[in-house]
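Worth knowing before you read on, the calculation uses all heavy atoms, side chains too, and leaves out hydrogens, waters and symmetry mates. All figures in this text were calculated on a predicted structure; none of them were measured in a lab. Here is the naming used below: chain letters follow the sequence lines, and residue numbers restart at 1 for every chain.
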Amino acid sequence: MKDLKKIENKWQKEWKKSKIFEAEPDKRKKFFTSLVIAYPSGDLHIGHARTFTRSDIIARFKRMQGYNVLCTTGFHATGNRAVVLAKRIANKDKNTIKTLKDLYSLSDKEIKGFANKPEKVVRFFMEKGTETLNLGGFALDWRRRFISIDPHFSKFIDWQFRTLKKKGYVSKGSHPVIFCPKCDSPITQSDRDEGENAIVSEISLWKYKLDNGVILPAATLRPETIFAITNVFLHPDAKYVLVKVGKESWIVSDAAAKKLKQQRPNLEILDEIDPINVIGQKVSNPVTNDKMLVLPGPFINPDATTGVVASEPSDAPDDHIALEELKKSSQLARYNLTAKDIEKIKYKSLIKLEGYGDFPAVDICKQMKITSLSDEDKLLEAKKTIYKLQFHKGVMKKISGKFAGMSVSDAIEAVKKEYKNKLDVMYEPSERVTCKCGAECYIKLLQDQWFINYGNKKWKSQVKKYLKEMNVYPEFWRQAFEAALDWVSDKACVRKSGLGTPLPWDKEWVIETLSDSTIYMVFFIIDKFIKPNKIKAEQLNDDFFNYVLLGRGNCKTVPKKVLNNIKKDFNYWYPLDWRNSAKDLLNNHLLYFIYNHIAIFPKKNWPKTISVNGYVNLEGEKMSKSKGKATTFRTAIQTYGADVTRTVSVISTSPEQDSDWRDEDAENMVKWRNKFYELINRLAKTKKFVKENNSDKWLLSRSMSTIDIVTQNLEKLESRDAAQYCLYQMMSDFRWYLRRNNNQVSKTAKKIATDWVKLIAVYMPHISEELWKDLGQKGFISNASWPKVDKKKIDKKAEESELRIQKSLDDVQHILKIIGKKPKEIYLYVVPNELKLYKESEDFFSKEFSARVHIYAVNDKNKYDPEKKSSKAKPGKPGIYIE
RNA sequence: GCAGGAGUUCCCGAGCGGUCUAAGGGGCUGGGUUUAGGACCCAGUGGCUUAGUGCCUUCGCAGGUUCGAAUCCUGCCUCCUGCACCA
């Protein structure tokens, strides 16, 4: 057999030489798509294989359908990753260097050259990535490749941002992030030691006032309990401070003051406060104005939130038990309090909860026999139980005034809204977070941030409306999309570090990754003109983009002729017909992509179709978790060949699900490919064809249905279904056909095989080109026309007849199994109109059973039928006699 | 916590109101082919039964709707993903 890997290389060269993938406008209908631009901080991984192959399959399919297809890609270097990598190399980080060596076989010298040179890193891997895509057989127009740190591209981003700003979609604000004080920077999941999954949670602060006007800000996740608060707790032995916040004075724990300082730059620490002096005083409830005591709470954690806790003992088991304990406390005198003071505290029933009385906290503590704060585990469980029940099923009682009758979950939001002016907020990580450097992290409110206002109601509703008009494949994702759209809000679009384009009007900021990659597909069209016309970045000013992209104004920096060519190309190719990406971009990039098109371009240029696919796991493990042995796209190609790698990466599961890369699958696919190649190659060489019988009509009918299904599925990019039919279904039909015909083929079968190779060509383009040539066809199969479905050739009768043969084969086998002996003679008695069908299959049956098979019509007077089995014959079910 | 999903036979993985013991692989068992191994081909793979048949049981758990449920509804359990400065 030929070396199928050499074949791949040969056809890649042929394609390049003949430039068949370089697209120029012509009279055909166009189809414009692109691979999602990859981040080149390493070579492409196996996840890219899936997403990219899907795009390539659709591009190749459309090309064969007769469209003028433009498919291309570029690289995205914006952001911090390469900067961090280059820094780590400079610091001689062993893991980083080892990974680079293991995965990409780089030499020490090469690696050393990357130290503190992020640009060098990304440009190096851009070349690697390009190579890999070529090895994968991607049908791309490489004249349009760019990287997002090219100065020309930056000019495009300048224009985009100025345009957005003019339209009022960019504004300044503040933004909470999880922050490491030691590294002095926001800290992402991968930089964390503990609390990888922590998120920023917003905590409400109710401001309880002492008589002297000083505020005790109590933190809570349940602001609706304000109506039933009975007292406030301070830790008697913790360090508290008096701080100034704007015009107000607050008392908070020392730890809290330090955290709050990060969220409120105007906060000033004035003085240390002894909590003992505050305990025993009275504060007023900010909503009800009720007076209540400040009590000692040795159980509270002064480091959490503000160190001030409001107590709601009817619903919070902790608070209830704390008060119970306090009644018996011997320490009360220390705070000038008496047990009577505590006993006077009256619980207020706030939330109606089925199965519980007025005070659920009291009930559950009784039930669970909790009597002391030292029963920590039980208390936690009780708290969780009540909280969960109340959140989902609790109903607010009369005491809550206008919120009465609301569910607790609704009331929380309603209270926040109603008392917007009285409530304050602070932010905390949802769990403890520590940085890899060891320091504990907290939330910092970044000031003077620039935002793109994706929360803008009008803009959002435009997106929502247009989303309904767009095609989303698989339809499965549309719901997820709409849900994500509901949640998307203003997005901080600049950072202080990393590669990228400086914000045009505030150059100390750099536009971040997801914000400079929203409409980059436009740049594929422009980029092609830059080199040949020696256009400099400075020439690409706003006038240029306004003229070529929006058809507005005048541009004097670029020659008129070039300008109009670009404009012509843009009008021909745009909009993007198909955007395919992995699901990680669903919540962000894909939405921003639609948002920005809608903001900047007229409707005729808005994208048409979005498709999404799941991730790829490696041997059942997440790629990020399978340490060290991460398979790259390139090694997969080198091991199994491009055709196999491509096919395996899209065939294993349906697009909406995560798939799994298993070497075993790839090995099976290698077998399949070889079998396919040998089969078609043998057909190609066949000169002697057999006479046709029912199985030819059957095969033709089956192949027409298969082509039909494959075509329909590719239209929706249901790659798995399409592949399953055109690989496995077709193969199993051919196998039956060959079995039926003693491994011989007819002319019809060879023609069907030719169509089959065309179907396979989108998955396995290399081997298909080779077989195309073997079959004596001209030109590239990549440019051949997609097989047409002739529904007239779908022959239900022939299929049914073939089914009868199969069934009869089964019946005989079944009997043979039961009688358990080797047959010498087999007699089949068929109804008269089936005689021809069975008679032409007589040899086939004989061969299958290694016995002489005799076919008789039931009305044949000369038949041999000692046991009168012919009387059992029905249509499709011959009588059977075996000797 | 909020949001979006998933749980199918030994394993992977289809099916998403009747044609479902439930596609397709893999594994295992038997047979063929082969000098042998491999590869390849055929058959079997819940239980009982049978000259090509018939019955019972099964799709996370528990209920419900229906003439009929793996498929629809309700509740529960378990698992996965995202929640933003990270590409």
Selection from [options] that lies nearest to any side-chain heavy atom of [X]:
X: A:Trp487; options: B:A87, B:A51, B:A3; answer: B:A3
X: A:Lys872; options: B:A51, B:A87, B:A84; answer: B:A51
X: A:Ile880; options: B:A87, B:C85, B:A51; answer: B:A51
X: A:His814; options: B:A87, B:G1, B:U53; answer: B:U53
X: A:Asp811; options: B:G52, B:C86, B:C42; answer: B:G52
X: A:Arg495; options: B:C86, B:G52, B:G1; answer: B:C86
X: A:Ser489; options: B:A84, B:G52, B:A3; answer: B:A84

Item to check | Residue whose closest nucleotide on RNA chain B lies nearer the 5' end, A:Tyr387 versus A:His589 | outcome: A:Tyr387
Next on the checklist: Can you work out whether A:Ala484 or A:Arg735 has the more 5'-proximal nearest nucleotide on RNA chain B?
Outcome noted: A:Ala484
What interatomic distance, in whole Å, is found between [atom1] of [M] and the corresponding atom of [N]?
N: B:U33; M: B:G38; atom1: C1'; answer: 13 Å
N: B:U8; M: B:C79; atom1: C1'; answer: 16 Å
N: B:A43; M: B:U35; atom1: P; answer: 24 Å

Checklist entry - Sub-3.5 Å donor-acceptor pair from the side chain of A:Ser870 to the main-chain atoms of A:Tyr829, do we have one? => result no
Checklist entry - Does the base of B:C40 carry an N or O that pairs as donor and acceptor with the side chain of A:Lys675 under 3.5 Å? => result no
Checklist entry - Out of A:Asn456, A:Ile452, A:Leu485, which residue meets the side-chain contact (heavy atoms from CB on, under 4.5 Å) rule with A:Tyr595? => result A:Leu485
Checklist outcome for this item: Per side-chain contact (heavy atoms from CB on, under 4.5 Å), A:Lys491 is matched among A:Trp450, A:Phe451, A:Tyr592 by A:Tyr592
Checklist entry - What about A:Phe633 and A:His48, are their ring centers closer than 6.0 Å? => result no
Checklist entry - For the pair made of CH2 in A:Trp450 and C1' in B:C85, what is the distance, rounded to whole Å? => result 17 Å
Checklist entry - Has A:Arg478 got a side-chain N or O lying under 4.0 Å from the OP1 or OP2 atom of B:G4? => result no
Checklist entry - Between A:Arg740 and A:Ser841, do the side chains contain an N or O donor and an N or O acceptor separated by less than 3.5 Å? => result yes
Checklist entry - Under a 3.5 Å cut-off for both distances, is B:C61 Watson-Crick or wobble paired, and to whom? => result B:G75
